[in-house]
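See structure below.
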Amino acid sequence: MTDVFRHAWWAFAQVYYDLRALAVHGNLLWFLTVLPFVPLVGLPASNALQQAVLQTEGALTGLQYFVFIVGATVTASLLAGPGTAGLFWVAQRYCNKEDVAPRDFWVGFRTGFWRSWILLVIDLFLLYGLIVGFFFYTGTGQIVIQALGFLSLYFVVLWVAAQAYIFPLAVRFDMSLFQVFRNAAVMALSAPGTSIAFFLLTAVILTLSVLLLFPCVFLTAITMALTATRMTEDRLRTFGFELFDSEA
């Protein structure tokens with residue numbers, strides 16, 4: 001568990017000491033690719049979530065909201081998926097002790113463009129399914145069925161933990177989408193302490209990103225990408241993989 005926070009502290013230090021290469025060439029470019037998510041997905045999703053919590057009806061029904069958010073996710077992910085791949089490409093090169101330049105982000109962006117788009121769409125749809133399942137089951141009013149809703153919170157933690165491995169595996173290895181998600185799930189399940197630590201770290205980072213714009217634009221994404229890359233290397237070594245081109 002402590003290794004997660006050690007990697008996160010190391011990642012933050014690298015961003016601080018190499019601000020131009022990581023914050024500008026990585027985080028800022030990534031932020032520009034995910035910015036369309038705010039008006040297309042973030043605002044409607046927040047409104048729908050608020051209505052679900054308050055059990056109220058607005059101009060749009062829950063189904064209409066869901067259809068709109070699904071369509072907007074597919075559209076916004078055209079930039080955000082490859083952008084996230086570009087971010088992790090930069091993180092991987094840095095962990096390999098290679099120089100990072102703006103072109104590296106665009107290399108990662110272009111490499112497997114459609115694959116990274118589909119990867120992010122599937123990844124987000126899994127999250128949507130867990131959220132919908134939680135509100136569906138907990139809203140039934142029956143204690144036994146409501147328990148299934150709270151069980152879905154466990155899968156939310158697992159989903160967050162798997163984020164540490166999904167894009168590092170996809171960027172570094174030529175795996176199918178099924179293999180990426182399967183291996184990420186196995187790696188998350190096999191180290192529950194590490195998974196919980198990464199979940200807590202993600203919660204703190206997301207809170208800071210919501211409250212303060214500057215970390216979101218320049219710091220948080222690349223810090224998490226570096227942390228996730230190092231975590232993935234650790235887990236792969238645990239499973240017996242030799243990684244000759246990364247820092248031990």
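This chain uses plain numbering: 1 for the first residue, then up along the sequence.
The residue from Q92, R93, H25 that alone fulfils the side-chain hydrogen bond (donor to acceptor under 3.5 Å, both in side chains) condition with D104 is R93.
Taking hydrophobic clusters as Ile, Leu, Val, Met, Phe, Trp and Tyr residues chained together by side-chain heavy-atom distances below 4.5 Å, V204 does not share a cluster with V160. Two different hydrophobic clusters hold W9 and V4 under the rule that ILVMFWY side chains link at heavy-atom gaps under 4.5 Å. No continuous path of ILVMFWY side-chain contacts below 4.5 Å connects L206 to L208, so the two sit in separate hydrophobic clusters.
For the residue pair Y128 / T73, a side-chain donor-acceptor distance below 3.5 Å is found, with atom types taken as modelled. When only modelled atom types and interatomic distance are considered, T232 and R172 share no side-chain donor-acceptor pair under 3.5 Å.
In this structure the side chain of V90 never reaches within 4.5 angstrom of the side chain of W30, judged on heavy atoms. Annotation: side chain of R230 is not in contact with side chain of D3 (no heavy-atom distance under 4.5 Å). By the 4.5 Å heavy-atom criterion applied to side chains, R235 and S190 are counted as neighbours. By the 4.5 Å heavy-atom criterion applied to side chains, F167 and T229 are not counted as neighbours.
Judged by distance alone, with hydrogens and angles left aside, the side-chain atoms of N183 form a donor-acceptor pair with the main-chain N or O of Q179 at under 3.5 Å. Side chain of W89 to backbone of T84: no donor-acceptor contact under 3.5 angstrom is found. Counting only distance, with no hydrogens or angles, the side chain of S77 and the backbone of W117 share no donor-acceptor pair below 3.5 Å.
Other residues, nucleotides and ligands place no more than 12 heavy atoms under 6.0 Å from the OH atom of Y17. Annotation: Y16, atom OH; neighbour count of heavy atoms from other residues, nucleotides and ligands within 6.0 Å does not exceed 12. No more than 12 heavy atoms of other residues, nucleotides or ligands shown are found within 6.0 angstrom of CZ on F12.
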_Does W10 form a side chain to side chain contact (heavy atoms under 4.5 Å, CB included) with T227? I'd like the steps, not just the answer._
CA-CA 8 Å; W10 172 85; T227 303; over 6 Å; no

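The CD atom of Q163 lies 8.5 Å from the OG1 atom of T202; values are rounded to the nearest 0.5 Å. The line from CG of L219 to CG of L19 is 7.0 Å long, rounded to the nearest 0.5 Å. Atom CZ in F88 sits 12.0 Å away from atom OG in S116 (nearest 0.5 Å).
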